[in-house]
Asks: 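Below is the structure I would like to discuss, written out as structure tokens.
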Number of protein chains: 2
Amino acid sequence: MPAAAKPDMKERILQTADRLFYLKGIRAIGVDTIAAEIGISKRTLYNHFPSKDELISAYLKRRFVVAKPSEKSPLSQILGYFDALERRFSAKDFRGCPFVNAVAELGPEDRAVKKIAIAFKESRRVWFRDLLAQLGVADAEGLATQLVLLVDGSIAQDLVRDDPAMARAAKAAAKVLLKNAGVDVGEIGGAAEAP
Amino acid sequence: MPAAAKPDMKERILQTADRLFYLKGIRAIGVDTIAAEIGISKRTLYNHFPSKDELISAYLKRRFVVAKPSEKSPLSQILGYFDALERRFSAKDFRGCPFVNAVAELGPEDRAVKKIAIAFKESRRVWFRDLLAQLGVADAEGLATQLVLLVDGSIAQDLVRDDPAMARAAKAAAKVLLKNAGVDVGEIGGAAEAP
DNA sequence: GGGCATGTACACAGATCTGTTTACTTTTTG
DNA sequence: CAAAAAGTAAACAGATCTGTGTACATGCCC
């Protein structure tokens, strides 16, 4: 039918690539599949991205969203992160961390992918660290690292087991670590948690 | 050259497949590559494994080693697990958890792979749980889950960042969780650890 | 000696993947 | 209007992948 005047073709390509790469795997999806899914020709796709590698990088960079400043208290931001994790685990289209998956899939030789993955992991660690510093935690660096271990551990476990309870377990452990660092987190149950 | 009388051909194939699948990725390695690496013909490989899928399953099953009973105390077994992790992270050929990587690479539709991965994760959780029960921990189930989060989290982080310190951070966090559960773990530093 | 399992070498089928080329059509814009 | 920009359709090149087929060589056991 029509030819041009498609708005945000690049964004539409990226949206589709994101969904397919993330759900099925980067190596499992060919550029033909992405083009066919949108209903465009392969040539059009290659006019927007010079190679699949570029598309992969763009996909990962688009996934790299920075946390916006919040009005909420540092503690509720930290604990809320685990609640958000649990919601994401419960969604049926959750399939682990796209950065970890990409590194696992593409191997350590793909420097471009690894670089983006490292940057993302570091930015999230820094986000935790700054919130912890606001709470007056002495070793904010060390505790931030431990919190991201819980985050990534629950993501890996949920990827394999499809169990959103992993997020609750991570939150419970995070509370223990916070309390141990002198943060008042209120009551701490064994593992359960009152919403 | 010679023809038959190769001892343990199946095991040799598995060893090579293990190394290549794990280091480069399952989808990145073709059966030709494996056969060429050993110096056998592709036909021979297919005589031992009827399909690549079967070879993948055999690779993962072979990675699934059960922990042998130990003479050491439950606590030192638990803490020693994190020390072993750190040693593995320091090896240059470490590239994350083969089960998580396989699920990430092959997608959730590969039931055979997912089944093995779930079984492995569960067996390790049970290993922790039983040791915790021996220590008299009340909620051994919950704490075991939290410990495997730290384990898998440090593995995912090391995969991306190549930083063996992730294992030390996990160990430090584990100590805090153990202490909180009433286990005497001796002195606890901020994040560092005396060997 | 004679099967028979096991291996080699190598070609081949058929699918799929990245990326290009060619020729044509439609829309926007100066 | 006319040129440029953007898209379509479809074939193609060249590589790679899984799996099979064919013909031959070697070693072991009866």
Side-chain angles (χ1 to χ4, degrees), chain A residues 1-60 101-102 105-107 109-113, chain B residues 1-60 101-102 105-107 109-113:
Chain A
M1 313 292 233
K6 297 292 180 56
D8 291 345
M9 179 61 83
K10 201 160 186 169
E11 177 59 20
R12 278 190 19 180
I13 294 170
L14 274 174
Q15 277 173 17
T16 305
D18 181 283
R19 178 167 48 87
L20 294 176
F21 281 164
Y22 179 66
L23 284 181
K24 308 284 185 182
I26 294 171
R27 278 200 145 106
I29 295 295
V31 288
D32 305 79
T33 309
I34 297 170
E37 185 90 355
I38 314 175
I40 64 174
S41 73
K42 194 163 53 164
R43 201 70 195 79
T44 301
L45 192 153
Y46 273 103
N47 280 344
H48 287 279
F49 299 94
S51 69
K52 188 183 179 183
D53 279 355
E54 288 294 322
L55 182 56
I56 294 169
S57 286
Y59 151 61
L60 290 176
N101 292 359
E105 222 178 325
L106 271 17
E109 271 115 54
D110 195 327
R111 305 300 305 163
V113 163
Chain B
M1 311 297 199
K6 297 293 181 55
D8 290 344
M9 179 62 83
K10 200 160 187 170
E11 177 59 21
R12 279 188 26 183
I13 293 171
L14 275 174
Q15 275 173 20
T16 305
D18 182 283
R19 178 167 47 86
L20 295 176
F21 280 163
Y22 180 66
L23 284 181
K24 309 284 185 182
I26 294 171
R27 277 204 145 101
I29 295 295
V31 288
D32 304 80
T33 308
I34 296 170
E37 185 89 357
I38 314 176
I40 63 174
S41 73
K42 195 164 52 166
R43 204 73 192 78
T44 302
L45 193 151
Y46 274 103
N47 280 342
H48 287 279
F49 299 93
S51 69
K52 188 183 179 184
D53 279 355
E54 288 293 322
L55 181 56
I56 294 169
S57 285
Y59 151 61
L60 290 176
N101 291 0
E105 225 180 319
L106 271 16
E109 269 115 56
D110 196 326
R111 306 298 306 164
V113 163

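Note that this is a predicted model, so its numbers are computed, not measured. Convention: sequence-line order gives letters A, B, ...; per-chain numbering from 1.
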Asks: Report the distance from atom CG of A:N47 to atom C1' of C:dT21, rounded to the nearest whole Å.
Replies: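 In whole Å, C:dT21 C1' and A:N47 CG are 13 Å from each other.
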Asks: Given D:dT18, C:dG7, C:dT8, which nucleotide is nearest the side-chain atoms of B:M9?
Replies: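 Out of D:dT18, C:dG7, C:dT8, the nucleotide with an atom closest to B:M9's side chain is C:dG7.
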Asks: Applying the side chain to side chain contact (heavy atoms under 4.5 Å, CB included) criterion to B:T16, which one of B:I13, B:D18, B:L20 satisfies it?
Replies: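 Single side chain to side chain contact (heavy atoms under 4.5 Å, CB included) partner of B:T16 among B:I13, B:D18, B:L20: B:L20.
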Asks: Expressed as a whole number of angstroms, how long is the span from B:D32:CG to D:dA15:P?
Replies: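 The distance from CG of B:D32 to P of D:dA15 comes to 15 Å, rounded to the nearest Å.
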Asks: Can you check whether A:T44 has a side-chain N or O nearer than 4.0 Å to OP1 or OP2 of D:dG7?
Replies: no
Asks: Atom CD in B:E37, atom CG in B:D32: separation rounded to 0.5 Å?
Replies: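 Going from CD on B:E37 over to CG on B:D32, the span is 12.5 Å.
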Asks: Could you tell me the separation between the CZ atom of A:R43 and the P atom of D:dA5, rounded to a whole number of Å?
Replies: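 In whole Å, D:dA5 P lies 15 Å from A:R43 CZ.
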Asks: So, for A:A102 and A:I26, which heavy atoms are closest and what is the spacing to 0.1 Å?
Replies: CB-CD1, 3.9 Å
Asks: Examine distances only and state if a side-chain atom of B:R27 and a backbone atom of A:A28 form a donor-acceptor pair shorter than 3.5 Å.
Replies: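 It does not hold such a pair.
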Asks: State whether the distance check finds a donor on one side and an acceptor on the other, under 3.5 Å, for side chain B:K42 versus base D:dG19.
Replies: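 When only heavy-atom distances are counted, B:K42 does reach the base of D:dG19 through a donor-acceptor pair under 3.5 Å.
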Asks: Please report, rounded to the nearest Å, how far the C1' atom of C:dT16 is from the CZ atom of B:R27.
Replies: 12 Å
Asks: When the distance from CZ of A:F49 to P of C:dG19 is rounded to whole Å, what number comes out?
Replies: 13 Å
Asks: Give the rounded distance in Å between these two atoms: CG of B:L45 and C1' of C:dT8.
Replies: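 Roughly 14 Å, once rounded to whole Å.
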Asks: Let me know the distance between CD1 of A:I26 and P of C:dT16, rounded to the nearest Å.
Replies: 21 Å
Asks: May I ask you to verify if any side-chain N or O of A:H48 is less than 4.0 angstrom from the OP1 or OP2 atom of D:dG7?
Replies: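 Answer is yes, contact under 4.0 Å.
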Asks: Could you tell me the separation between the OH atom of A:Y46 and the P atom of C:dT22, rounded to a whole number of Å?
Replies: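 In whole Å, C:dT22 P lies 18 Å from A:Y46 OH.
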Asks: DNA chain C: A:P50 or A:T33, which has the more 5' nearest nucleotide?
Replies: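 Final value for this comparison: A:T33.
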